[in-house]
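Heads up: the structure comes next, in structure tokens.
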Amino acid sequence: MHISFTANHSANSSSCKGLMEYLDKENSSREKSFDNYFSSYLEEKENDFDKELLQENLFFTNDDPEGNPTFLEQNEATNLIDDNLSSRAKENESKFFMLNISPSKAELDHIEELVKMEMYDQGFHQRDLQILSQTEEGQRQIDIVKNNLFHQNLREYTKEVMADYADNFNRTVYNNPNNLPNQKEEKIINDFAKQKISESGIANADAKYSEFYQNYREQKAMEMGKDLTVRPMTERDLVWIAKIEEKRTYKGNDRWVIENKKINKSIEKIKNDINLSESKKERKIIDLQEQLNKDRATGLVVKEGMEKGGKQYHIHAVVSRYDNCPNRRFKKSISPLASQRHSKIAGKEAIVGFDRNEFYIKVERSFDEKFRFERTRSYEKFNQIKNGHKKNNNINVIPSNVLQQSSNKLINKAIQPLKQELNEKLGFNELKKLDINTTISKELGFRIPMSIPKTPLQVATKIVNIFLGKARDHGIGF
């Protein structure tokens, strides 16, 4: 799992509008694809054109209090971030941050296996997939369902990441943000707390200074009918939105693009060299062409603007610098780029900042626990080796091909019960209605169990039934 942080440069703009427009860049191609798709199946209109599919183009955030998913249009997402400012905000500070969350190939492969299991549990059995894959229309239904289930898995994981993000600050928020003191009342409360601390003889350097100070503040606030009690901050106290992207392109500053440009220049130079014979030119050009970097998935020569091959799912999460306290004066500033350190807040010892190493470890553990992934390589182990904290001095570097074989074995082990069941049920199984009580996502404890978009499910059923009717007429054994 790779996660990076990008800060908003307030000198350019304090609004996230430009970023939101950028994150909507895949929408136009998806919208065109959706329009073409649904226009082919107007008889399925009662499905309201499958909100599950259309949600792929929307931003998402925390579930609502009832546990229902929350989706936002671009302007709603922009306003949510831009409007969340503290009255103490500084003009030159970043108002929001972007997290780039990029699962590894092994992690995406593992999610794909879970998607296959979910499809099986919800009616797409082995024979169904064999029948559907024989036609372009049938394969289209499979691809649409798989892609949508990928989105549902990654939305679920993003919420885990944001929970880890909040937890990693080790910060507190107010229990009752609607009953906080005004500025004058807060001064009275703070003066009282300082006086009590002084009378108790507790020094600023005392480890319990912060605890006593907060207790006295809560005591005085209660006497005044106010509430300054606190609790640990969670993801529900954050203001954030996220968007899943399916594609990546090679950029001009990518190493492979730069290297290929140099090689191509050398090829052109050889072609124009009048001092070389044609045979020598050909040999040199062939040698250089073999050095060109090629996309690992497609085998195509890498060039700027070209789409990367293979699964390229990743998530962009934009999070406000401030928590969602409705009292703008009490909003707390939280930055993932502020390194964790011991400091003083209002004269009290405190741990402030964000331990990024600990965060990277947390998000990998969350992935492993959520999706039951047996990790062969982890950031935690890498960091131990990097810093010379090996628990075992005889740790050897495992070759990448061995790691890949190990990963494949783990994936095969995870889906073995499914394969056994498929082998036992060689006959055709009709596509069944949704039954989330028996699905993988339910078993894994998803906040919102996955569901199959209705139109591709119904179209797939029709394709299979038509095929089976023809098969029976011709005596084919399906």
Side-chain angles (χ1 to χ4, degrees), residues 1-8 10 16 61-63 80-90 92-101 157-177 180 207-211 213-214 217-218 227-242 315-367 369-370 379-380 383 447:
M1 184 68 62
H2 177 76
I3 297 182
S4 62
F5 300 93
T6 306
N8 147 248
S10 57
C16 66
T61 185
N62 286 318
D63 300 335
L80 183 68
I81 301 296
D82 283 354
D83 293 345
N84 189 58
L85 290 175
S86 166
S87 61
R88 302 177 184 180
K90 299 175 183 176
N92 62 345
E93 69 182 4
S94 300
K95 303 303 186 296
F96 56 88
F97 305 91
M98 184 168 73
L99 281 68
N100 303 286
I101 306 166
Y157 176 60
T158 302
K159 293 167 188 176
E160 297 287 341
V161 171
M162 298 315 295
D164 291 333
Y165 179 88
D167 178 68
N168 205 57
F169 282 102
N170 295 308
R171 298 290 289 272
T172 58
V173 294
Y174 294 103
N175 273 315
N176 191 356
L180 295 170
K208 291 193 173 182
Y209 182 97
S210 180
E211 180 184 343
Y213 185 79
Q214 177 61 20
R217 290 180 82 236
E218 291 176 10
D227 189 353
L228 282 176
T229 58
V230 296
R231 58 173 174 78
M233 182 171 68
T234 72
E235 73 277 14
R236 301 199 70 83
D237 302 305
L238 302 174
V239 177
W240 66 274
I241 59 89
I315 308 119
H316 294 293
V318 181
V319 57
S320 172
R321 185 185 193 97
Y322 308 101
D323 66 25
N324 64 0
C325 180
N327 189 320
R328 295 167 75 90
R329 201 166 58 82
F330 282 89
K331 283 182 181 292
K332 295 187 177 180
S333 174
I334 44 177
S335 167
L337 299 181
S339 298
Q340 191 178 84
R341 65 190 188 281
H342 289 271
S343 185
K344 287 187 178 183
I345 298 178
K348 303 176 291 297
E349 292 291 333
I351 297 176
V352 298
F354 189 87
D355 187 336
R356 287 183 290 281
N357 285 331
E358 184 63 25
F359 176 66
Y360 298 144
I361 293 169
K362 285 178 179 177
V363 295
E364 283 192 346
R365 286 176 180 167
S366 290
F367 185 94
E369 292 170 7
K370 171 59 65 177
Y379 178 83
E380 183 174 16
N383 203 43
R447 295 170 176 82

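Predicted model, so just to flag it, every value in this text is computed and none were measured.
- Without hydrogens or angle criteria, N84 side chain to Y322 main chain gives a donor-acceptor distance under 3.5 Å.
- R171 places no side-chain N or O within donor-acceptor distance of the main-chain N or O of A166, the cut-off being under 3.5 Å.
- The closest side-chain donor-acceptor pair between R329 and S87, if any, does not fall under 3.5 angstrom.
- The minimum heavy-atom distance between K331 and D323, with the atom names listed, is NZ-O, 3.2 Å.
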Please assess N62 against W240 for the test side-chain contact (heavy atoms from CB on, under 4.5 Å), listing each intermediate value before the final yes or no. CA-CA 8 Å; N62 286 318; W240 66 274; 3.1 Å; yes

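- Proximity of a side-chain donor or acceptor of E235 to a complementary backbone N or O of V161 within less than 3.5 Å is not detected.
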Under the criterion side-chain contact (heavy atoms from CB on, under 4.5 Å), I'd like the reasoning laid out for L238 against I334: C-alpha separation, chi angles, the key distance, then a yes or no. CA-CA 10 Å; L238 302 174; I334 44 177; 3.5 Å; yes

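- With sequence neighbours left out, F96 forms a ring pair (Phe, Tyr, Trp, His ring centres under 6.0 Å) with no residue at all.
- Between S335 and F354 the shortest side-chain heavy-atom distance does not fall below 4.5 Å.
- Counting only heavy atoms from C-beta outward, the side chains of T6 and H316 never approach each other to under 4.5 Å.
- Aromatic ring pairs are classed by plane angle as parallel below 30°, tilted from 30° to 60° and perpendicular above 60°; the pair F367 and Y157 is perpendicular.
- Exactly one of D164, D167, D355 qualifies for a salt bridge (Lys or Arg N to Asp or Glu O under 4.0 Å) with K362. That residue is D167.
- Taking the side chain as every heavy atom from C-beta outward, Y174 and D227 never approach each other to under 4.5 Å.
- Inter-residue side-chain proximity for T172 and R231 is flagged as unmet; no heavy-atom pair is nearer than 4.5 Å.
- The nearest pair of heavy atoms linking A89 to K95 is CB-CE, 4.4 Å.
- Nearest heavy atoms, A317 versus I101: CB-CD1, 4.4 Å.
- The closest side-chain heavy-atom distance from N168 to R356 is not below 4.5 Å.
- The aromatic rings of Y165 and F359 stand perpendicular to each other, their planes meeting at an angle above 60°, with 30° marking the opposite boundary.
- Among residues two or more places apart in sequence or in another chain, the side-chain contact (heavy atoms from CB on, under 4.5 Å) test is passed with D82 by S15, C16, T78.
- For the atom pair OG1 of T229 and CG of N175, the computed distance is 4.0 Å after rounding to the nearest 0.5 Å.
- To the nearest 0.5 angstrom, K332 atom NZ is 10.5 Å from R88 atom CZ.
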May I have the step-by-step check of side-chain contact (heavy atoms from CB on, under 4.5 Å) for V319 and F5, ending in yes or no? CA-CA 10 Å; V319 57; F5 300 93; over 6 Å; no

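- Taking 4.5 Å as the limit, some side-chain heavy atom of S4 sits within range of a side-chain heavy atom of N100.
- Residue D237 comes nearest to P232 through the heavy atom pair OD2-O, 4.2 Å, listed as atom of the first residue, atom of the second, then distance.
- Residue T61 comes nearest to K159 through the heavy atom pair O-CE, 3.7 Å, listed as atom of the first residue, atom of the second, then distance.
- L180 is listed as a side-chain neighbour of C325, based on a closest heavy-atom distance under 4.5 Å.
- Closest of all the heavy-atom pairs between I241 and L80 is CG2-CD2, 3.6 Å.
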